[in-house]
Q: 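One structure, as structure tokens, below. Some questions next.
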Amino acid sequence: MSNILAVKVHRANLHDTKAGIFPAIKAYRLYPTIQAFCGDAGYRKTFVSNIETILDLKADISPRIKADGFHVVKKRWVVERAFAWLGNSRRLAKDFEKTVASQESMIKISHLHTLLKRL
């Protein structure tokens, strides 16, 4: 369904593999029944080790997409679709927000708008 469980905006000089643990912790605190996290090949080292050591959970990493044509990668299309839906929001298209809190709020508002349209 592409439901966003947690949002965490961070500064641009912090790499996603290191910052990926922050929304994971936030999501796990809100939904303690989570059994594993998923990520693409960019998250294969630091993120996986952080998930295993800090949360004691498993991280499923999807393989790199090969250049020999289009192939559906299990679970990855759900995440890509959610990002595409967020990309339809004009407010998220540019850096209008001045604070991290307002950016996170706009992501949540945009996602709620998308979910309400699909009812």
Q: Say you draw a straight line from CD1 of Ile21 to OG1 of Thr53; how long is it, rounded to the nearest 0.5 Å?
A: 7.0 Å
Q: Any chance you could lay out the side chain to side chain contact (heavy atoms under 4.5 Å, CB included) test for Val100 and Lys8, step after step, and finish with the verdict?
A: CA-CA 8 Å; Val100 169; Lys8 186 68 177 165; 5.7 Å; no
Q: Report the distance from atom CD1 of Ile107 to atom NE2 of His111, rounding to the nearest 0.5 Å.
A: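 Atom-to-atom, Ile107:CD1 and His111:NE2 are 11.0 Å apart.
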Q: Please say which of Leu86, Asn88, Ile4, Leu115 ends up in a side chain to side chain contact (heavy atoms under 4.5 Å, CB included) with Ser110.
A: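 Single pass found, and it is Leu86.
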Q: Count the heavy atoms belonging to other residues, nucleotides or ligands that lie under 6.0 Å from NZ of Lys117, then report whether that count exceeds 12.
A: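 Yes, NZ of Lys117 has more than 12 neighbouring heavy atoms, counting only those of other groups under 6.0 Å.
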Q: Applying the 4.5 Å side-chain criterion to the ILVMFWY set and letting contacts propagate, would Tyr31 and Leu112 be lumped into a single cluster?
A: no
Q: Are Leu5 and Trp85 connected, step by step, through hydrophobic side chains (Ile, Leu, Val, Met, Phe, Trp, Tyr) whose heavy atoms are closer than 4.5 Å?
A: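 Leu5 does not cluster with Trp85.
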Q: Can you see which heavy atom on Ala36 is nearest to which on Asp60, and at what distance?
A: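 What the structure gives for the nearest pair is CB-OD2, 4.2 Å.
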Q: Tell me whether Asn3 at atom CG has more than 12 heavy atoms from other residues, nucleotides or ligands lying less than 6.0 Å away.
A: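 For Asn3, atom CG is crowded (more than 12 foreign heavy atoms under 6.0 Å).
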Q: Got more than 12 heavy atoms from elsewhere within 6.0 Å of CZ, Arg29?
A: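 At most 12 heavy atoms, drawn from other residues, nucleotides or ligands, come within 6.0 Å of this atom.
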Q: Between Thr17 and Arg44, is any pair of side-chain heavy atoms under 4.5 Å apart?
A: no
Q: Of all heavy-atom pairs between Gly20 and Phe47, which one has the smallest distance, and what is that distance?
A: O-CE1, 3.4 Å
Q: How about NE2 on His10, more than 12 heavy atoms from neighbouring residues, nucleotides or ligands closer than 6.0 Å, or not?
A: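 Yes, enclosed.
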Q: Return yes if some donor-acceptor pair links the side-chain N/O of Lys26 with the main-chain N/O of Val7 below 3.5 Å, else return no.
A: yes
Q: Under 4.5 Å between side-chain heavy atoms, counting indirect links through other Ile/Leu/Val/Met/Phe/Trp/Tyr residues: same cluster for Phe83 and Ile61 or not?
A: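 No, it is not one cluster - the side chains of Phe83 and Ile61 are not joined through contacts under 4.5 Å.
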Q: Apply side chain to side chain contact (heavy atoms under 4.5 Å, CB included) to residues Tyr28 and Ile54 and explain how you reach the verdict.
A: CA-CA 11 Å; Tyr28 188 68; Ile54 296 172; over 6 Å; no
Q: Same cluster or not: Val9 versus Phe22, using hydrophobic residues (I, L, V, M, F, W, Y) connected whenever any side-chain heavy atoms lie under 4.5 Å apart?
A: no
Q: Side-chain contact, heavy-atom cut-off 4.5 Å: Leu55 with Phe37?
A: yes
Q: Are any side-chain N or O atoms of Ser105 and backbone N or O atoms of Ala101, one a donor and one an acceptor, separated by less than 3.5 Å?
A: yes
